[in-house]
Each structure stands twice: as C-alpha cells, then as structure tokens.
Amino acid sequence: MADEFGLVDLEEADTPGDEWEEIDVADTEADRIARKRDREFEDFQKRIKDADQFKVEQSVFDDATFAALYKLVQDGYVEAFGGPISTGKEANVYHALGDERDVAVKVYRINASNFRQMRDYLEGDPRFEGLGGKKKDVVLAWVKKELANLERARKAGIRVPEPIAAERNVLVMEYIGNEDGRAKRLGEVHIENPQTAYEVMREYMRRLYSAGLIHGDLSEYNVVFHEGQLVVIDLGQAVTVHHPNSREFLERDCKNVANFFARQGLEVTGDDVLEFVTDADPDPSRE
C-alpha cells in the first residue's frame with residue numbers, strides 16, 4: 001500500500017496530539033500597508049489591476065487584499081502571478097512562481113457568500129473562542145485555520161499541500177500539478193487499484209482523527225491524484241474533535257468516502273470506515 005501511493009511511514013511523521021494553538025485575527029502588516037498607501041504599493045496595485053488574470057476580480061479585491069499580495073511579494077513568497085487554477089464562491093486560487101518553485105495563491109473574498117457557513121465551522125472550535133461577527137474577522141480566521149490545519153495534517157503524515165505563508169486573507173501553499181495544469185481530482189481519474197486507494201484514504205482519515213482533526217468536507221472532490229500519490233486538499237473547514245458537530249462531520253466524511261469506493265466496486269460502508277478511523281481514538285478531554 002505504502003509503495004503504490006506513497007503513504008508516509010508513521011515512524012517518520014511527527015504525529016501531534018489533540019492540542020491546539022490560539023489564532024490571532026488582529027490587523028496584519030497588510031492592513032498597515034493599505035492604510036499607508038505609499039507610491040510603491042500604489043504602483044504594485046495598478047500593475048495587478050491591469051493584469052488580465054485579475055481584471056475580473058477588481059470588484060472583490062479591496063485595498064487590503066492587494067496589500068496582502070504586495071507583502072507576500074516583498075517577503076519573497078511570490079515572484080510572479082500566473083492564471084487562475086480555480087474560482088469559487090469564497091475564494092479564487094492562482095498559479096504563481098514562488099521561491100524557485102511553483103506555488104498556489106488562494107485569495108479569500110472578504111464578502112464571501114458562504115460567510116454564515118464559515119461561522120458554523122468556526123463556532124465551537126476552541127482556537128476561535130471569542131471571535132466576533134465581523135466578516136473580515138471570520139475570513140481572516142478561516143485563512144489562519146486552513147494554514148494551521150495543513151501544518152497539523154503534514155505533521156501527522158498526511159499528504160497535503162505544503163503550507164508556505166499566510167497574510168490577511170491570502171494563503172500561499174504548494175502547487176499540486178505540473179506544466180499541463182492542476183492535478184486531477186480523484187473523481188476525475190480512472191483508479192486502477194481501488195482497494196489500495198481506499199486503504200490509503202481511510203489511513204489518512206485515521207491519522208487526521210488521531211491528530212485531533214476531522215476534515216468535514218471529504219469526498220472524491222477534495223482529494224487529488226499527483227505523481228502516484230493521493231493528496232488531500234481544502235482543509236479550511238476542518239474542525240477539532242471538540243467541535244460540537246465533529247461527529248456529524250466525521251460520519252458524513254466516512255459515508256462520502258465509502259460511497260465513492262463502493263461505486264468503484266468495493267464492498268464497503270460508512271460504518272466500516274468510521275470503525276477504522278476511530279480505532280485510534282484520541283482523548284477529547286486533552287487540553
């Protein structure tokens with residue numbers, strides 16, 4: 001199983017427990033840059049606004065978003081922007097050149113249409129106690145949450161995009177793809193060995209659960225196949241096992257995964273996946 005899909009050896013993974021870190025949603029350096037609006041920033045903003053790939057987004061990119069991109073360029077995380085990889089209701093993802101490698105730049109809209117749904121995933125997460133109701137604070141918390149979730153998943157030995165940097169409502173991470181474009185989602189490819197892919201998926205889910213996290217939106221649309229590996233993406237909504245809806249989210253993930261592999265010819269149910277995932281049961285009382 002490990003050889004075919006590149007499953008990380010657990011002995012090589014720095015598996016975390018169910019601890020969590022406080023996440024600060026105070027103003028960032030990007031907000032200061034946007035307020036100052038010096039000549040260099042205004043020149044940068046004009047160049048970005050004039051770029052073909054961003055013209056359609058001018059209505060949703062506020063000054064602070066441009067300032068976040070500017071800060072990431074200043075810090076060397078982004079050197080040049082390419083075209084869009086995907087567009088969605090809450091975020092657009094762009095291909096970019098980073099520090100001698102390709103990166104993905106995920107830009108969240110402050111006025112996201114899924115704002116209320118975001119709050120549902122944040123409320124009850126102990127990392128965000130006391131979070132206000134402002135859209136800006138919710139979106140900024142979401143970005144830092146996705147960064148933290150990616151870091152925790154990697155430490156647990158799960159193949160996810162490497163998180164690189166976050167500034168305000170912009171997240172920079174590893175680009176999963178090649179010169180032909182983004183990696184294909186699991187539901188877009190022919191799986192030659194569904195049994196092996198299934199075993200890797202449920203092992204990923206168990207490792208994530210053991211690290212105190214539940215993906216919350218796992219399906220064949222949030223897993224991609226890249227260079228012989230399954231890569232789990234879109235961890236922004238992942239919650240800790242302490243979230244009041246964590247069990248509901250976990251059962252839904254298990255059902256989605258089981259249904260997909262059942263369509264590939266395997267005899268598997270959501271209960272089968274759930275039993276395997278929760279076998280390494282973290283202690284929900286740990287703090």
Less than 4.5 Å apart, side chain to side chain, heavy atoms only: is that true for [X] and [Y]?
X    : Y    : result
V105 : V93  : no
S86  : R182 : no
Q237 : W142 : yes
V103 : E174 : no
V223 : Y204 : no
M173 : L171 : yes
V189 : V224 : no
Y94  : I85  : no

Return yes if some donor-acceptor pair links the side-chain N/O of [X] with the main-chain N/O of [Y] below 3.5 Å, else return no.
X    : Y    : value
N169 : L140 : no
K145 : A238 : yes
R159 : V232 : no
N245 : E248 : no
E220 : G187 : no

Residues [X] and [Y] bridged, charged N to O under 4.0 Å:
X    : Y    : answer
E251 : K255 : no
R101 : E79  : no
D234 : K106 : yes
R206 : E203 : yes

Flag if over 12 foreign heavy atoms under 6.0 Å of OH, Y77: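 At most 12 heavy atoms, drawn from other residues, nucleotides or ligands, come within 6.0 Å of this atom.
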- prompt: Is there a side chain to side chain contact (heavy atoms under 4.5 Å, CB included) between R168 and K71 once you walk through the steps?
  reply: CA-CA 10 Å; R168 201 175 182 270; K71 182 67 165 55; over 6 Å; no
In terms of hydrophobic clustering (I, L, V, M, F, W, Y; side-chain heavy atoms under 4.5 Å; direct or indirect links), are [X] and [Y] co-clustered?
X    : Y    : result
Y70  : I164 : yes
L147 : I176 : no
L218 : L274 : yes

message: Which label fits H243 and F249: parallel for a plane angle under 30°, tilted from 30 to 60°, or perpendicular past 60°?
response: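 H243 vs F249 ring planes: tilted.
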- prompt: At their closest point, which heavy atom of P163 faces which heavy atom of L150, and how far apart are they?
  reply: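 For P163 and L150, the tightest heavy-atom pair comes out as CG-CB, 3.8 Å.
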- prompt: Is R185 positioned over the aromatic face of F225, cation under 6.0 angstrom from the ring centre and no more than 45 degrees off axis?
  reply: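 No cation-pi geometry.
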Between [X] and [Y], do the side chains contain an N or O donor and an N or O acceptor separated by less than 3.5 Å?
X    : Y    : answer
E146 : Y108 : yes
H215 : N222 : no
N92  : R109 : yes
T269 : D272 : yes

- prompt: Which is it for V160 and L235 under the side chain to side chain contact (heavy atoms under 4.5 Å, CB included) test, yes or no, and what are the steps along the way?
  reply: CA-CA 9 Å; V160 296; L235 271 77; 4.2 Å; yes
message: Run the side chain to side chain contact (heavy atoms under 4.5 Å, CB included) test on V257 and R202 for me, step by step, so that the C-alpha distance in whole Å, both residues' side-chain angles and the decisive distance to 0.1 Å come before the verdict.
response: CA-CA 8 Å; V257 169; R202 68 177 188 172; 5.9 Å; no
message: V172 vs V78, test: side chain to side chain contact (heavy atoms under 4.5 Å, CB included). Steps then yes/no.
response: CA-CA 8 Å; V172 181; V78 179; 4.1 Å; yes
